[in-house]
Enquirer: 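Take a look at this one; I'll ask things after.
Since the model is a prediction, treat every value here as computed from it, not as a measurement. We count residues from 1, following the sequence as given.
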Amino acid sequence: MRQLEYFIAVAEEANFTRAAQRVHISQSGVSAQIRQLEHDLGATLVDRSGRTATLTAAGAAALPHARAVLASAGAVRQAVDDVNGLIRGRLVVGMVTACTVTPLFNALAAFHRAHPGVEITLIEDGSDRLTERVRAGQADLALIGASGAPPPGLGALPIISERLVAALPPGHPLAGRARVTLADIAAYPIVCLPAGTGIRTVLDQACAAQGLQPDIALQASAPGAVADLAGRGLGIAILSASMAASHGAQLKAVVIEDIQTPAVLALIWTAADSPALRELLHYSRQAFS
């Protein structure tokens, strides 16, 4: 079972080092177990000759069956645990990079106190990558940013939905206005979150719709860093209304009148939830209510 788990990790990460980090053992341990699996099966499963680890034809044929075996083993344990009223196992929880949304941390803490037998793995990534991980079953739950609405086809708990604003430092030529347009702010350097975040997606889509190419002078993963850079005169910060409000002493928030699509912060999860995931969702709803 462990060999199959390591094999799947290598296949999905295309790298022995990342696979080892994912399964929490040394790279040499992963390599040794994969070689033992190949010896037992009498075929090479992973091509190690290139810069990335790629599956051979035998490896590609084995991968769906390996996934099915692990899924079946998990279903056996879950069925027994359901009868016994136990909640245990492992949950992978994702959060958008530089997350400072403390209700998520409160939910994880409350869940851990109630169910210490469940191992929680926390990962950080961009919203688009986290969504892909949830869809692929590599993450059970994720806190992501999105444009307009949570991604379709997944369970979702919208938390925040608000418009974007231009956060302007004192003395900026646009600071005296009550509203600005995309064309107005595109004439100046912009400081914003990186591609793959909900706020950046809203901005990029709005600019593309108008044929504008904004001058993205600086990018930072943390909203606080974006605000701080703008406050030092390095550009106009593009943030959500609540993010900008927390820096009101430093920046003036001005509505961007032709961006109507809101930036959404939401929890997303797979539809095929486990008892552990259902319990974590219960605590998450309480924390965010």
Side-chain angles (χ1 to χ4, degrees), residues 1-13 18-25 30 63-97 99-146 150-159 265-289:
M1 297 297 291
R2 288 295 186 188
Q3 288 173 353
L4 294 180
E5 179 186 359
Y6 301 161
F7 167 60
I8 292 169
V10 170
E12 292 176 348
E13 298 294 339
R18 289 197 299 269
Q21 292 170 346
R22 172 169 153 181
V23 298
H24 308 296
I25 69 166
V30 170
L63 182 60
H65 298 288
R67 286 173 171 151
V69 168
L70 289 188
S72 295
V76 170
R77 181 171 292 280
Q78 181 175 317
V80 174
D81 287 348
D82 287 347
V83 171
N84 293 331
L86 296 177
I87 294 179
R88 58 184 176 186
R90 178 172 178 261
L91 288 175
V92 178
V93 178
M95 63 181 186
V96 66
T97 302
C99 172
T100 56
V101 181
T102 54
L104 175 62
F105 307 150
N106 294 337
L108 292 175
F111 174 83
H112 178 67
R113 286 193 296 269
H115 305 290
V118 178
E119 176 190 353
I120 300 173
T121 299
L122 194 61
I123 57 174
E124 281 188 305
D125 210 335
S127 295
D128 51 353
R129 288 267 299 168
L130 289 174
T131 301
E132 292 173 6
R133 285 178 178 243
V134 171
R135 290 194 189 280
Q138 298 171 10
D140 300 288
L141 178 75
L143 180 68
I144 58 109
L154 296 170
L157 175 64
I159 296 163
L265 187 69
L267 282 172
I268 60 170
W269 61 90
T270 52
D273 55 346
S274 65
L277 178 56
R278 287 196 294 270
E279 278 293 293
L280 180 54
L281 286 172
H282 167 72
Y283 286 102
S284 297
R285 290 188 174 98
Q286 285 187 333
F288 282 106
S289 63

Enquirer: Quick one: OH on Tyr283 to NE2 on His115, what's the gap to the nearest 0.5 Å?
Expert: 4.5 Å
Enquirer: Say you draw a straight line from CZ of Phe105 to OG1 of Thr102; how long is it, rounded to the nearest 0.5 Å?
Expert: 7.5 Å
Enquirer: State, with a plain yes or no, whether a side-chain heavy atom of Trp269 is found less than 4.5 Å away from one of Leu277.
Expert: yes
Enquirer: Quick one: side-chain contact (heavy atoms from CB on, under 4.5 Å) partners of Leu280, sequence neighbours excluded?
Expert: Leu91, Val93, Leu108, Phe111, Leu141, Ser284
Enquirer: I'd like to check Gln138 versus Val92 (side-chain heavy atoms, cut-off strictly below 4.5 Å). Are they in contact?
Expert: no
Enquirer: Name the atoms and distances for all side-chain donor-acceptor pairs under 3.5 Å in residues 63-73, with sequence neighbours left out.
Expert:
residue : atom : partner : partner atom : Å
Arg67   : NE   : Glu12   : OE2          : 3.4
Arg67   : NH2  : Glu12   : OE2          : 3.0
Ser72   : OG   : Ala68   : O            : 3.0

Enquirer: If I take atom NE2 from residue His112 and atom CD1 from residue Ile120, how far apart are they, to the nearest 0.5 angstrom?
Expert: 7.0 Å
Enquirer: Test of understanding: with side-chain contact (heavy atoms from CB on, under 4.5 Å), list the residues that count as partners of Val96, not counting sequence neighbours.
Expert: Cys99, Ser127
Enquirer: What heavy-atom pair brings Ala266 and Pro158 nearest, and what distance separates the two atoms?
Expert: CB-CA, 3.9 Å
Enquirer: For the atom pair OG (Ser289) and CG (Leu157), what is the distance rounded to the nearest 0.5 Å?
Expert: 9.5 Å
Enquirer: Are the side chains of Arg90 and Val118 in touch, meaning some heavy atoms are under 4.5 Å apart?
Expert: no
Enquirer: My understanding is that only residues two or more places apart in sequence, or in another chain, count here; which of them pass salt bridge (Lys or Arg N to Asp or Glu O under 4.0 Å) with Asp125?
Expert: Arg129, Arg133
Enquirer: Return the set of residues passing side-chain contact (heavy atoms from CB on, under 4.5 Å) with Pro103 (not counting sequence neighbours), or none when no residue passes.
Expert: Val101, Ala287, Phe288
Enquirer: Please name all residues satisfying salt bridge (Lys or Arg N to Asp or Glu O under 4.0 Å) with Glu5, sequence neighbours left out, ordered by chain then number.
Expert: Arg2
Enquirer: To the nearest 0.5 Å, how far apart are CD in Glu124 and CG in Leu143?
Expert: 11.0 Å
Enquirer: For Ala146, what residues pass the side-chain contact (heavy atoms from CB on, under 4.5 Å) criterion, not counting sequence neighbours?
Expert: Ile144, Pro151
Enquirer: Please name all residues satisfying side chain to side chain donor-acceptor pair (under 3.5 Å) with Glu13, sequence neighbours left out, ordered by chain then number.
Expert: Arg22
Enquirer: Using a 4.5 Å cut-off on heavy atoms from C-beta on, say whether the side chain of Leu130 contacts that of Ile268.
Expert: no
Enquirer: Listed by chain and number, what are the salt bridge (Lys or Arg N to Asp or Glu O under 4.0 Å) partners of Arg285, not counting sequence neighbours?
Expert: none
